[in-house]
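Numbers here simply count residues along the sequence, with the first being 1. These numbers come from the heavy atoms of this one structure, side chains and all, not from hydrogens, waters or symmetry mates. Both ligands and their constituent atoms are indexed starting at 1 by order of listing.
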Amino acid sequence: MDSDDVTRLYENFPYPSPTADSGPIEDVANGLGFLIQDEDLTGWRVLDVGCGTGHRLLGMALRYPEARFTGVDASAASLVVAREAAQRHGAHNIEYVGGTLPRLSLPRDFDLVVCTGLVHHLPDPEAGIRWLSERLSPNGLLYLWLYHLLGEHDRLLDRELVQLLRPSDPREPGLETVKALGLALSDERYGSHSGTSVASDEVRDVAEADAYLNPIVHAYRFGDVAGLCQGLELEWLAAFSVNNDRGSRFIDLAGFEDDPYLCVQGPELVPPTLRERFAGLDRADQLAAIELVLRPTGFSVAAGRGKALDLCMPALRGNVFATPAQRRPTTPC
Ligand SMILES: C[S@@+](CC[C@H](N)C(=O)[O-])C[C@H]1O[C@@H](n2cnc3c(N)ncnc32)[C@H](O)[C@@H]1O
């Protein structure tokens with residue numbers, strides 16, 4: 001299986017919505033408000049890689065009209081919908097580029113690179129993250145959203161069963177196999193609504209195709225991402241959020257925020273007698289404990305270099321758990 005097989009799926013089922021009538025999806029735009037201190041991102045150059053039908057990109061572009069956005073996707077059918085949706089909503093600050101990672105050549109000067117739901121469908125996720133990190137300006141910030149291994153365990157087993165029973169011709173979409181097995185994905189699976197006011201049958205079909213028919217799927221824990229980023233020119237890697245069917249919450253290991261519905265700090269997840277022990281863990285182990293308790297379906301991280309960390313919210317700075325590009329101190333000669 002390679003990228004062309006993945007692209008074929010999204011040509012048949014443009015994600016997240018095959019119609020330009022669906023409204024913008026706000027979750028990533030909302031997340032940026034908790035990630036970055038700058039309130040309007042004036043002059044920022046933002047790249048959304050694997051933007052699909054662009055409903056999340058549209059949410060960002062309308063929220064931040066003073067920023068300039070570039071959306072990239074391998075699926076031509078998805079970009080047709082994305083362009084139409086942008087036009088309908090009067091978003092004039094987006095340009096779209098068709099192309100496949102990591103072959104595609106693009107400038108290396110983006111202030112923010114957003115990539116939601118793509119890396120886990122790449123044949124070589126490490127090469128994909130390298131390509132993303134290479135698109136950053138010297139002070140650039142990377143935002144990644146990925147499937148989480150623990151909360152996705154059962155769904156990935158269901159997907160494996162579908163792959164065994166689906167028609168063997170890969171050109172057959174295979175959705176009837178998903179339906180015959182009675183599989184369905186809840187709207188709340190990743191903690192936020194699909195973004196359309198009422199999920200139409202078409203939108204549900206796309207969500208189920210994405211969940212069960214994808215030829216390539218990986219899933220990760222926080223620690224795995226540190227491994228994927230190892231050796232890249234990223235000076236820090238921080239946990240940002242976790243999702244499951246009970247909601248989406250930001251991570252706040254250093255305890256900056258005061259809202260348990262909005263943020264996960266960690267100690268509150270374990271019995272009072274174990275809180276001191278939790279507090280004594282390093283950040284990577286605190287994150288491991290959090291994911292073992294919450295078993296998220298999805299999660300996000302931020303990474304960057306130069307001044308990017310100073311541009312982020314204090315809570316994010318308290319969540320740094322790895323330094324991928326850390327160089328050994330040089331011995332003076
Ligand atoms: C699950 S969708 C995510 C869409 C959007 N980012 C969102 O979160 O709503 C994954 C998208 O990545 C695109 N894609 C998959 N492999 C790609 C590649 N190698 N290069 C560029 N785009 C790719 C697919 O065409 C699809 O639109």
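For the residue pair Thr42/Asp40, the side-chain donor-acceptor check at 3.5 Å is satisfied.
Taking 4.0 Å as the cut-off between side-chain N and carboxylate O, Arg45 and Asp109 count as a salt-bridged pair.
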Show the atom names and distances, to 0.1 Å, of all donor-acceptor pairs under 3.5 Å that link a side chain in residues 215-228 to residues at least two apart or in another chain.
| residue | atom | partner | partner atom | Å |
| --- | --- | --- | --- | --- |
| His218 | NE2 | Leu122 | O | 2.8 |
| Asp224 | OD2 | Arg221 | N | 2.7 |

Can you list, pair by pair, the side-chain donor-acceptor contacts under 3.5 Å of residues 62-70, counting residues two or more places apart and other chains?
| residue | atom | partner | partner atom | Å |
| --- | --- | --- | --- | --- |
| Arg63 | NH1 | Asn30 | OD1 | 3.1 |
| Arg63 | NH2 | Glu26 | OE1 | 3.0 |
| Arg63 | NH2 | Asn30 | OD1 | 2.7 |

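Residues satisfying the salt bridge (Lys or Arg N to Asp or Glu O under 4.0 Å) criterion with Glu84, sequence neighbours excluded, are Arg88.
Of the candidates Asn243, Asp27, Thr116, Asn243 is the only one forming a side chain to side chain donor-acceptor pair (under 3.5 Å) with Trp145.
The residues lining ligand 1, counting any heavy atom closer than 4.0 Å, are Ser3, Val6, Tyr10, Tyr15, Pro16, Gly50, Cys51, Gly52, Arg56, Asp73, Ala74, Ser75, Gly99, Thr100, Leu101, Thr116, Gly117, Leu118, Leu122, Asp210.
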